[in-house]
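What follows is a short report on a single structure.
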Amino acid sequence: MAKSKSKSARSRTKALDPRRYSSLVVDGAKQTPSRAMLRAVGFKDADFKKPQIGIASTWANLTPCNMHINTLAAEAERGANAAGGKGVLFNTITVSDGISMGSPGMRYSLVSREVIADSIETVVGAEGFDGFVAIGGCDKNMPACAIAMARLDRPAVFVYGGTIRTGAKRRDIVSVFEAVGGHAAGKVSDAELLDVERTAIPGPGSCGGMYTANTMASAIEALGLSLPDSSAQEAVGDRKLDDCRRAGEAVVRLVQAGIRPRDILTRKAFENAITVTIALAGSTNAVLHLLAIARAAGVKLTLDDFTRIGKRVPVLADVRPSGRYSMSELIAIGGIQPLMKRLLDRGLLHGDCLTVTGKTIAENLRGVKDYPIGQSIVHGFDDPIKKDSHLVVLYGNVAPEGAVAKITGKEGLAFTGRARVFDGEEAATRAILDGKVKAGDVVVIRYEGPRGGPGMREMLSPTGAIMGRGLGDQVALITDGRFSGGSHGFVVGHIAPEAALGGPLAMLRNGDRLTIDAVKRRIEVAVSAAEMRARKAKWRAPKPYTTTGVLAKFARLVSSASEGAVTD
């Protein structure tokens, strides 16, 4: 951050007392007990006069995405201390989507977004931190950090834990899921499957394509909540350590300048995030999470905003899962900053949006060099992967409140087939692996929505099985659940209202003729309205998966997927 703030920053923020919150905790005779306890954890006399900076770490040794974040958090603490603050480390939880995928444990994935956001809000609020750094490394803890930042509205910077390097033969986690399908089809031997298992995940970092983690890191940078280039760095290396140190320093300056997240999280900022997500061919989960972050920030954002913006923004990055290249390969040619500069120059980004540097998007991108000549990862506007968005919001008599499809064009733009209906993911995956799903089928997986799942599980196991069996261009899949960023093929998720609430998905039967049209943005079943009403009259809601604990709490509170599946 420059010593003098830009005009846009000065005009949109009001300087805070740099110890606005911590002074209430540590100043005066009344707060002597607080100071006494803090001395036991390392505070010295001088520290009580410094801005207190929380360092929210999502470290856990249960997933490659987060196994290194304790080291990154320590660097952020050093940065905060070096800039004149007092860094205080604390932890929150994380869960692994990749490990729990295809199991009952995946129900906790989206729930963890709310738990993490709640826990960061709780600690920062209770301890009186003046600002904080939030470090996330996996799909749900990143939007959770951003939700907490928006709720608290205290100076804050997000740091991405970084992407994993590709494994042997350019393998990654999706290679493993698709190898399972190939094994079921007899195309992958036992020995080959074991070799994929042993070599696909070489070390720390988030899944290596433009899956949900890298998508959300890029979207959060485009929102302005992280330092430039934070989203396009490998998990291991000096660049990421430096990013963390600078984030700690930046928060202290944000506290001094009085720049808060809601100064940054404007409607224009969300439009920038949507634009970058589309250009990068990002995950459908970005729709769910950006709606949730906007809700926390008090910004009105709807599914139709994705359609509006998507009509003018092309897909430019040839990245996995639908494309050829990994995040590490994109990083090697310059990351997302040159792409953002291209979008800005094309008039597709709002350059006047404030960021955590204290400068605007345009100021941050000034001087950014274009990609090297001859690279084939990021296409030009004259040769896009797709001329408009791959994130297609669909409506129709299957999804009156909307659904989200990921259509790059490689799958085709329309699909008509017969419904193969499954109540839950396990039954569908088993049928696909057993060869019972045939070309021309539309696999329907229901009762996996936010409330019905509960938890809106991701469908990487069935989509991976479809691809592995060689049915990727012959079978469609629709669900009220979600998709991993690693899913590809003709897939539609987030169908609302969900089946558990009596949505049309609950009324579908085997053999019903379904049509998905990405051009008309429609998803329809060839069943009359009278017949659908008759089916609904006979329908009975299934018993809840559980009536106690965090899953039950989530199911009682959660909103529709079309509103971000939030619990506020």
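None of the values given here were measured: they were computed from a predicted structure.
Salt-bridge formation is detected for the pair Arg320/Asp172: a Lys NZ or Arg NE/NH1/NH2 atom is positioned less than 4.0 Å from an Asp or Glu carboxylate oxygen. Taking the charged nitrogens against the carboxylate oxygens, Asp304 and Arg308 have no contact shorter than 4.0 Å, which rules out a salt bridge. Under 4.0 Å is where a charged nitrogen must lie from a carboxylate oxygen, and between Arg324 and Asp318 at least one such pair does. Between Arg451 and Asp480, none of the side-chain N atoms (NZ, or NE/NH1/NH2) sits under 4.0 Å from a carboxylate O, so this pair counts as no salt bridge. Ion pairing between Asp47 and Lys49 fails under the 4.0 Å rule for side-chain N and carboxylate O. Between Asp345 and Arg342, none of the side-chain N atoms (NZ, or NE/NH1/NH2) sits under 4.0 Å from a carboxylate O, so this pair counts as no salt bridge. Salt-bridge check for Arg165 with Glu234: passed, with a basic side-chain N closer than 4.0 Å to an acidic carboxylate O.
Scored by the side-chain contact (heavy atoms from CB on, under 4.5 Å) test, Ser487 finds Leu460, Thr463, Phe483, Ser484 as partners (sequence neighbours excluded). Residues that satisfy the ring pair (Phe, Tyr, Trp, His ring centres under 6.0 Å) test with Tyr371, not counting sequence neighbours, are absent from this structure. In this structure Lys311 satisfies the side-chain contact (heavy atoms from CB on, under 4.5 Å) test together with Thr307, Arg521, sequence neighbours excluded. Scanning for side-chain contact (heavy atoms from CB on, under 4.5 Å) contacts around Val287 gives Leu291, Leu303, Phe306, Leu391, Val404, with sequence neighbours left out. Judged as a side-chain contact (heavy atoms from CB on, under 4.5 Å), and not counting sequence neighbours, the contacts of Ala213 are Asp139, Met142, Tyr160, Ser206.
Nearest heavy atoms, Cys353 versus Lys268: SG-CB, 3.5 Å. Annotation for Ser560 and Glu401: closest pair OG-OE1, 3.5 Å, computed over non-hydrogen atoms. Closest heavy-atom contact between Val255 and Pro51: CG1-CB, 4.2 Å. Taking all atoms of both residues into account, the shortest heavy-atom contact from Phe158 to Met149 is N-CE, 3.8 Å. Ser230 and Asp243 make their closest contact through OG-OD2, 2.7 Å (heavy atoms, listed as atom of the first residue, atom of the second, distance). Scanning all heavy atoms of the two residues, the minimum distance from Lys50 to Gly85 falls at CD-O, 3.7 Å.
In this structure, Cys244 SG and Glu75 CD are separated by 7.0 Å, a value rounded to the nearest 0.5 Å. In this structure, the separation between NZ on Lys341 and CG on Asn364 is 12.5 Å, given to the nearest 0.5 Å. Residue Ser112 holds its OG atom at 7.0 Å from CG of Asp97, rounded to the nearest 0.5 Å. Atom CD1 of Ile135 and atom OG1 of Thr92 lie 12.5 Å apart (nearest 0.5 Å). Note that OG of Ser389 is 11.0 Å distant from NZ of Lys406, once rounded to the nearest 0.5 Å. Distance check, rounded to the nearest 0.5 Å: OG1 of Thr215 to NE2 of His289 gives 9.5 Å.
In this structure, the side chain of Arg19 engages the main chain of Phe48 through a donor-acceptor pair within 3.5 Å. Distance alone, capped at 3.5 Å, places no donor-acceptor pair between the Asp388 side chain and the Gly310 backbone. A donor-acceptor pair is defined here as one N or O able to donate and one able to accept, closer than 3.5 Å; such a pair exists between the side chain of Asn81 and the backbone of Gly87. The backbone N or O of Asp153 lies less than 3.5 Å from no partner atom in the side chain of Arg262, so there is not a single donor-acceptor pair. Side-chain atoms of Asp130 come within 3.5 Å of backbone atoms of Tyr21 as a donor-acceptor pair (strictly under, hydrogens ignored). Judged by distance alone, the side chain of Trp59 and the main-chain N or O of His68 form no donor-acceptor pair under 3.5 Å. Using modelled atom types, one side-chain atom of Thr360 and one backbone atom of Glu363 make a donor-acceptor pair closer than 3.5 Å. Side chain of Asp517 to backbone of Arg522: no donor-acceptor contact under 3.5 angstrom is found. Remark: the backbone N or O of Gly493 is not paired with any side-chain donor or acceptor of Arg482 at under 3.5 angstrom. Gln375 places a side-chain N or O within 3.5 Å of a backbone atom of Ile377 that can act as its donor or acceptor partner.
Here the side chains of Ile69 and Val159 are not in contact, with every heavy-atom distance at 4.5 Å or above. Between Lys240 and Val236, the closest side-chain pair of non-hydrogen atoms is not below 4.5 Å. Annotation: side chain of Phe90 is in contact with side chain of Val124 (closest heavy-atom distance under 4.5 Å). Between Ile523 and Ile495 there is a side-chain heavy-atom pair separated by less than 4.5 Å. Between His379 and Pro384, every side-chain heavy-atom pair lies at or beyond the 4.5 Å cut-off. Using a 4.5 Å heavy-atom threshold, the side chains of Arg267 and Asp305 count as touching. Contact check for Asp242 versus Gln233: no side-chain heavy atoms found under the 4.5 Å cut-off. Using a 4.5 Å heavy-atom threshold, the side chains of Met216 and Asn285 count as separate.
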Pairs under 3.5 angstrom only: tabulate donor-acceptor contacts from the side chains of residues 275-282 to other protein residues two or more places apart or in another chain.
| residue | atom | partner | partner atom | Å |
| --- | --- | --- | --- | --- |
| Thr275 | OG1 | Glu271 | O | 2.9 |
| Thr277 | OG1 | Ala273 | O | 2.8 |

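Of the N and O atoms on the side chains of Ser326 and Ser328, not one donor lies less than 3.5 Å from an acceptor on the other residue. Side-chain polar atoms of Ser231 and Glu221 form a donor-acceptor pair below 3.5 angstrom.
In this structure, Asp383 places its CG atom where more than 12 heavy-atom neighbours from other residues, nucleotides or ligands lie under 6.0 Å away.
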Check: When you look at Phe381 and Leu348, which way does the side-chain contact (heavy atoms from CB on, under 4.5 Å) test go after all the steps?
Finding: CA-CA 12 Å; Phe381 290 101; Leu348 296 174; 3.8 Å; yes
Next item on the list: Tell me, with the steps shown, if Asp238 and Arg245 meet salt bridge (charged side-chain N to carboxylate O under 4.0 Å, His left out).
Entry: CA-CA 11 Å; Asp238 290 341; Arg245 282 191 295 271; over 6 Å; no
Item checked: CA sep, side-chain torsions, deciding dist, call: Thr357, Leu227, side-chain contact (heavy atoms from CB on, under 4.5 Å) -> CA-CA 6 Å; Thr357 64; Leu227 297 176; 4.1 Å; yes
Next item on the list: Take Asn214 and Leu330 through the test side-chain contact (heavy atoms from CB on, under 4.5 Å) and record every step on the way to the result.
Entry: CA-CA 11 Å; Asn214 283 315; Leu330 177 60; over 6 Å; no
Note to self: Let's go through Ile93 and Ile116 carefully: what are the C-alpha distance in whole Å and the side-chain angles of both, what is the deciding distance for side-chain contact (heavy atoms from CB on, under 4.5 Å) to 0.1 Å, and is it a yes or a no?
What the structure shows: CA-CA 6 Å; Ile93 64 146; Ile116 295 163; 3.7 Å; yes
